[in-house]
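Because the structure is predicted, anything quoted here is derived from the model rather than measured. Positions are given from 1 along the sequence.
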Amino acid sequence: VLNVYASQDGGAHIHASGVSFPASQAASSGANVLDDYEEGTWSPVFTFETSENLANEVGYGIYTKVGRLVTIDWTITFDKTAGINNITITGLPFTCASRTNTAIPVVISDYSFSDGHPIAQVQSAESRMFLGHCAENGDQDYTANPGANIAATTGIKATGQLSYWI
């Protein structure tokens with residue numbers, strides 16, 4: 001802390017060069033104490049029901065964990081040689097809390113649906129997520145075989161970012 005200024009209304013202004021967290025968590029019993037921050041990398045892995053039609057897969061991910069909230073970014077590049085389906089991304093850096101699943105949009109090159117877009121959903125109490133389809137009317141479908149909608153080509157890139165609770 002560089003300086004602390006107190007005002008007449010009881011408020012205080014603190015001037016510091018930043019907030020530093022210890023290398024290992026110093027857990028607090030106070031619900032309103034921010035006592036855990038972490039950044040790192042993780043290795044996302046695409047898995048398909050028919051993995052023999054997948055080649056040259058390379059995945060990279062980063063994460064930021066603040067308290068119980070984890071935000072992940074990932075990029076996976078791969079070649080598709082034939083039909084694939086039931087896409088799952090495994091290897092998330094932390095297991096999701098037991099709670100309602102939340103779906104978010106993702107970007108996949110060479111991906112084509114007649115309407116809608118691809119979405120990802122972290123599975124409750126697991127460290128994996130499913131890719132699915134969200135129609136223009138908002139209906140979400142994880143059985144619509146989203147992998148079949150990726151054109152067979154080389155250098156396909158899937159990217160996304162989402163946050164989930166642990």
Side-chain angles (χ1 to χ4, degrees), residues 19-80 83-113 115-150 156-166:
V19 178
S20 178
F21 292 92
S24 59
Q25 179 182 6
S28 168
S29 60
N32 296 318
V33 175
L34 178 59
D35 58 4
D36 189 17
Y37 178 88
E38 180 179 335
E39 293 180 349
T41 61
W42 63 287
S43 299
V45 177
F46 257 19
T47 56
F48 299 95
E49 189 173 280
T50 51
S51 60
E52 66 276 4
N53 299 327
L54 178 68
N56 302 319
E57 177 186 3
V58 177
Y60 177 77
I62 60 173
Y63 71 87
T64 303
K65 177 179 174 278
V66 180
R68 294 180 42 238
L69 182 66
V70 178
T71 300
I72 59 174
D73 290 271
W74 76 91
T75 298
I76 301 175
T77 304
F78 61 96
D79 298 341
K80 177 186 175 187
I84 54 175
N85 55 16
N86 299 334
I87 304 170
T88 304
I89 298 175
T90 60
L92 271 62
F94 299 94
T95 299
C96 182
S98 295
R99 56 187 318 122
T100 304
N101 299 326
T102 302
I104 54 93
V106 296
V107 175
I108 301 177
S109 63
D110 300 299
Y111 189 94
S112 173
F113 265 118
D115 76 50
H117 54 271
I119 55 176
Q121 180 185 63
V122 176
Q123 295 304 114
S124 178
E126 297 185 27
S127 59
R128 65 184 177 141
M129 62 182 143
F130 289 125
L131 294 187
H133 170 250
C134 183
E136 293 299 329
N137 66 6
D139 290 343
Q140 297 175 12
D141 186 0
Y142 293 90
T143 62
N145 192 6
N149 296 290
I150 301 174
I156 298 168
K157 183 183 272 189
T159 61
Q161 178 186 57
L162 65 81
S163 296
Y164 64 99
W165 295 101
I166 61 172

Hey, which of Val70, Ile166, Leu162, Val122 is the one that makes side-chain contact (heavy atoms from CB on, under 4.5 Å) with Leu92?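 Of the listed options, the one satisfying the test is Val122.
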Would a distance-only check, ignoring hydrogens and angles, find a side-chain to backbone donor-acceptor pair under 3.5 Å from Tyr164 to Phe94?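 Here the side-chain-to-backbone pair exists.
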Do you know the tightest heavy-atom contact between Ser124 and Ala97?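 That would be OG-O, 3.5 Å.
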Heavy-atom closest contact (Gly61 atom, Pro44 atom, distance):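 Residues Gly61 and Pro44, closest heavy atoms: N-CD, 3.6 Å.
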Straight-line distance of Glu126 CD to Ser98 OG, nearest 0.5 Å: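 Nearest 0.5 Å value for the CD-OG distance: 9.5 Å.
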Separation between OG1 of Thr71 and CD of Gln161, rounded to the nearest 0.5 Å: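 It comes to 6.5 Å.
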State which residues pass side chain to side chain donor-acceptor pair (under 3.5 Å) with Thr95; sequence neighbours excluded, sorted by chain then number.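 Thr95 satisfies side chain to side chain donor-acceptor pair (under 3.5 Å) with no other residue.
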Any chance you could lay out the side-chain contact (heavy atoms from CB on, under 4.5 Å) test for Ile62 and Glu39, step after step, and finish with the verdict? CA-CA 8 Å; Ile62 60 173; Glu39 293 180 349; over 6 Å; no
Decide side-chain contact (heavy atoms from CB on, under 4.5 Å) for Ile72 and Met129; before the verdict, give the C-alpha distance in whole Å, the side-chain angles of both, and the deciding distance to 0.1 Å. CA-CA 12 Å; Ile72 59 174; Met129 62 182 143; 3.9 Å; yes
Apply side-chain contact (heavy atoms from CB on, under 4.5 Å) to residues Asp73 and Tyr60 and explain how you reach the verdict. CA-CA 8 Å; Asp73 290 271; Tyr60 177 77; over 6 Å; no
Go through it in stages, so that I can follow the logic: the residues are Leu69 and Trp165, the test is side-chain contact (heavy atoms from CB on, under 4.5 Å), and I'd like the CA-CA distance, side-chain angles, deciding distance and then a yes or no. CA-CA 5 Å; Leu69 182 66; Trp165 295 101; 3.8 Å; yes
